Structures are given as structure tokens and as C-alpha cells.
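Below is one structure, written out as C-alpha cells, with a few remarks after it.
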Amino acid sequence: MSKAQHWKSFAHLWDQLGAPLRPGPEDQANYEKFFRDWLGQFPQSKAVILGVTPELFHLRWPAKCELLALDRAREMIDEVWPGSREQVIEGDWLEMPVRGPRQLSLCDGGLMLLEYPRVQEQLRDRLERLIGPGGRSIFRLFALPEMRETHEVVLEELVRGKIPNLNVLKLRLGMALQANPEEGVAVREILRAVESVDSDLLRLAQRLGWKPEQMQAIEAYRNSGAVYYFPTERQTIELFCASGAFDFLGRATGHYALAERCPVVAFKRS
């Protein structure tokens with residue numbers, strides 16, 4: 001399965017995802033903390049969302065803000081984006097077919113889709129050209145903890161019923177299986193690790209007291225060519241500030257399971 005097919009499958013399973021893989025009310029408030037009052041000072045502002053995350057569309061945007069989303073997966077646009085078709089462009093973030101300057105860019109979890117550090121640096125460079133002086137780029141990260149855990153520990157907690165749902169499991173297990181951020185982790189390895197506990201995923205769900213339909217969301221990993229990359233929060237901040245075009249503005253986290261690994265971090269275009 002190609003990376004494009006991976007996201008085609010995910011479009012159909014979007015409603016099965018939840019925190020921490022999708023942002024919740026705390027995350028929405030943390031995004032707004034870094035831009036709403038500031039952006040509202042502009043008579044006319046322009047913002048771009050990298051991806052089609054519904055929760056970012058539903059933020060409390062200033063009345064005169066022109067909002068545009070950019071996503072290369074047609075299926076995600078058709079099935080997930082809640083705005084009008086005129087508000088979204090089908091295209092690659094690295095090609096950035098969006099007219100600048102923009103005052104703001106937002107992205108929820110999307111950095112993990114890009115090879116670290118090379119391709120993430122390319123995105124930073126595209127944003128340098130898109131975001132005007134004083135503008136802001138804000139990301140919610142999936143950040144590797146400084147103190148690593150092993151996948152054996154994660155699976156042991158799974159068997160003991162200490163992991164509340166598949167969303168938490170996938171993130172913890174993916175980070176634990178990753179040898180280093182440069183190599184990332186193939187998502188099919190996450191599925192294989194879960195199946196090492198029980199090859200029958202529906203039986204495993206019943207055993208854990210999870211809803212069976214939750215397990216559909218991990219089936220998209222089977223034979224997928226997708227790789228996720230998990231640098232630490234510190235590594236991401238250093239990468240975005242390394243060129244001198246962005247300054248670190250601040251961070252905020254929520255209180256849900258694994259929120260400490262999902263900070264909202266903000267950068268100011270210098």
C-alpha cells in the first residue's frame with residue numbers, strides 16, 4: 001500500500017480517531033492562545049491550515065480572516081474537511097501552492113508525516129517564504145519524550161489493561177518502536193506489535209473492553225508504506241529556529257492522556 005493509499009484508508013476511518021491523535025477542546029484553546037487576539041488586530045488577515053483538521057477549521061477565527069486549507073489527499077478533503085470547497089487547495093505542503101504573505105499557519109500533528117530532519121527543514125523553508133514578518137506558525141506536535149520507554153513495557157501495560165484506548169496505544173507504541181527520529185517507524189510495525197499480543201484484533205478488543213470498531217483504525221497500517229517520524233520537542237524547536245527565520249514564541253499543553261507528548265508550540269517569523 002502506497003502512502004497515498006494509506007491516507008485514502010484513513011479518510012474513511014477519521015471518526016474512529018480521538019485524543020491524543022485528534023485535537024480536543026484544550027488543544028483548540030491552546031492554538032487560540034497564540035493567535036486569536038493578535039490576529040484580530042489586523043483589518044484583514046490570511047491564515048493557512050496544513051491539512052484538513054476539522055477542529056482547526058472550527059477555531060474562533062476573527063471575523064475578517066481569510067482561511068485556506070492545503071492537503072494533497074483528495075479523499076481527506078472530500079470526507080473530512082468541514083468547510084467549503086473554495087477554502088481548500090489540493091496540493092503538497094512542500095510545493096506550497098498558496099499565495100503569500102500569510103499572517104498565520106497552523107498544523108496539527110502533521111510534522112510526524114515528514115522525514116526528519118531533511119523534509120521538515122524543507123517545510124520550514126517553505127513557511128519562511130509564505131509567512132510575512134511578525135507572522136506565526138503554530139504546530140501541535142507528537143513529540144518523543146526525553147525519557148524513552150520500550151515497546152515491551154507498552155505491550156505489558158496493554159495486557160494489564162492500563163492503556164485506555166487504541167489512540168493512546170498507537171502513539172506510545174510508535175514512539176517506543178522507533179530506533180531514532182531519522183529512521184522513524186513504519187506504521188505496519190505498530191500493527192505487527194499489537195498482533196504479537198493477539199493476532200485476532202476483534203478478540204483483543206473484547207478482551208480489553210474496547211469497542212470493536214476501534215480496531216478498524218489500525219487496519220489502515222496493514223501493508224502500508226507510511227513512516228512516522230518522532231523527534232523530541234526540543235529537537236523540533238531547534239530545527240525551526242536554526243535558520244534564524246523563526247523565533248520560539250511559547251508552548252502549551254492539555255491534561256488528557258499523553259497530552260505531555262502533544263504540546264502546541266508557536267513560532268514567530270523574525
Side-chain angles (χ1 to χ4, degrees), residues 19-24 26-39 47-51 53 55-56 59 70 93-94 96 100-149 171-172 174-176 178-185 227-270:
L21 300 184
R22 284 178 64 171
E26 287 181 300
D27 300 305
Q28 290 176 301
N30 287 333
Y31 276 109
E32 292 179 358
K33 169 184 175 181
F34 289 114
F35 81 80
R36 193 167 189 271
D37 291 343
W38 165 77
L39 197 62
V48 60
I49 297 173
L50 302 182
T53 308
E55 289 84 355
L56 298 188
L59 294 177
L70 174 62
W93 299 346
L94 300 180
M96 200 58 72
R102 298 252 155 184
Q103 283 74 42
L104 178 68
S105 70
L106 302 182
C107 183
D108 194 82
L111 287 180
M112 77 166 179
L113 311 177
L114 305 179
E115 182 182 340
Y116 174 86
R118 182 180 62 87
V119 181
Q120 294 191 19
E121 289 173 339
Q122 291 177 16
L123 177 63
R124 177 202 64 200
D125 294 344
R126 302 300 186 274
L127 290 172
E128 281 184 25
R129 295 196 286 271
L130 179 69
I131 303 299
R136 301 182 180 186
S137 287
I138 306 174
F139 301 85
R140 189 170 71 100
L141 307 180
F142 295 138
L144 185 72
E146 297 286 351
M147 295 295 293
R148 294 285 304 275
E149 63 181 349
L171 193 56
R172 283 185 63 182
M175 291 179 176
Q178 175 185 266
N180 56 67
E182 291 77 14
E183 293 180 37
V185 57
V227 177
Y228 291 164
Y229 301 89
F230 300 110
T232 64
E233 179 181 343
R234 173 182 52 82
Q235 288 174 315
T236 299
I237 293 171
E238 289 175 352
L239 182 148
F240 266 82
C241 295
S243 70
F246 286 101
D247 296 320
F248 180 57
L249 192 60
R251 70 186 296 277
T253 59
H255 299 87
Y256 52 83
L258 291 193
E260 72 280 0
R261 303 191 194 187
C262 305
V264 174
V265 296
F267 301 90
K268 181 180 180 180
R269 181 73 171 86
S270 56

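Being a predicted model, the structure only gives us computed values, none of them experimental. Index from 1, following the sequence.
- Rounded to the nearest 0.5 angstrom, Arg140 CZ and Leu56 CG are separated by 9.0 Å.
- Between atom CD of residue Glu260 and atom NE2 of residue His255 there is a gap of 11.0 Å, rounded to the nearest 0.5 Å.
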In sequence, state the C-alpha distance, the side-chain angles, and the governing distance for Lys268 and Asp247, and then conclude on salt bridge (Lys or Arg N to Asp or Glu O under 4.0 Å).
-> CA-CA 5 Å; Lys268 181 180 180 180; Asp247 296 320; over 6 Å; no
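- To the nearest 0.5 Å, the span separating CD on Glu233 from SG on Cys262 amounts to 10.5 Å.
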Hey, mind stepping through Val119 and Tyr229 against side chain to side chain contact (heavy atoms under 4.5 Å, CB included) and telling me if it holds?
-> CA-CA 11 Å; Val119 181; Tyr229 301 89; over 6 Å; no
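- The CG atom of Leu111 lies 10.0 Å from the CZ atom of Phe142; values are rounded to the nearest 0.5 Å.
- The two residues Ser137 and Ser105 have their closest heavy-atom pair at OG-OG, 2.8 Å.
- In this structure, the separation between CG on Leu104 and CD1 on Ile131 is 6.5 Å, given to the nearest 0.5 Å.
- Contact record, Pro20 with Leu171: CG-CD2, 3.8 Å, taken as the closest heavy-atom pair.
- Smallest separation of non-hydrogen atoms from Pro231 and Thr236: CG-OG1, 3.6 Å.
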Checking side chain to side chain contact (heavy atoms under 4.5 Å, CB included) for the pair Leu113/Tyr228: CA distance, chi angles, key distance, verdict?
-> CA-CA 5 Å; Leu113 311 177; Tyr228 291 164; 3.8 Å; yes
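- Under the 4.5 Å side-chain criterion, counting only non-hydrogen atoms from C-beta, Arg124 is not in contact with Phe267.
- For Phe240 and Phe139, the gap between ring centers is short of 6.0 Å.
- Counting only heavy atoms from C-beta outward, the side chains of Arg261 and Met175 approach each other to under 4.5 Å.
- With rounding to the nearest 0.5 angstrom, the CG atom of Leu144 is 13.5 Å from the CE atom of Met112.
- Across all their heavy atoms, Ala176 and Glu149 have their closest contact at CB-O, 3.4 Å.
- When atom types are taken as modelled, the side chain of Glu55 and the backbone of Arg22 share no donor-acceptor pair closer than 3.5 angstrom.
- Residues Phe35 and Ile138 come closest through the heavy atom pair CB-CD1, 4.0 Å.
- You'll find the side chain of Leu106 reaches within 4.5 Å of the side chain of Leu59, heavy atoms only.
- Put simply, the side chain of Arg251 never gets that close to the backbone of Val265: no donor and acceptor are under 3.5 Å apart.
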Are Tyr116 and Gln235 close enough, and set up right, to give a side chain to side chain contact (heavy atoms under 4.5 Å, CB included), and what steps lead you there?
-> CA-CA 10 Å; Tyr116 174 86; Gln235 288 174 315; 3.4 Å; yes
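- Between Leu127 and Arg269, the closest side-chain pair of non-hydrogen atoms is not below 4.5 Å.
- Summarising the geometry of Ser270 relative to Phe246, their closest heavy-atom pair is OG-N, 3.8 Å, with the distance given to 0.1 Å.
- Between the side chain of Gln120 and the main chain of Leu239, no donor-acceptor pair closer than 3.5 Å is present.
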Should Leu123 and Leu50 be marked as a side chain to side chain contact (heavy atoms under 4.5 Å, CB included) after you check the CA-CA gap, both sets of side-chain angles, and the distance that decides it?
-> CA-CA 11 Å; Leu123 177 63; Leu50 302 182; 4.1 Å; yes
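- Between Leu249 and Arg136 the shortest side-chain heavy-atom distance falls below 4.5 Å.
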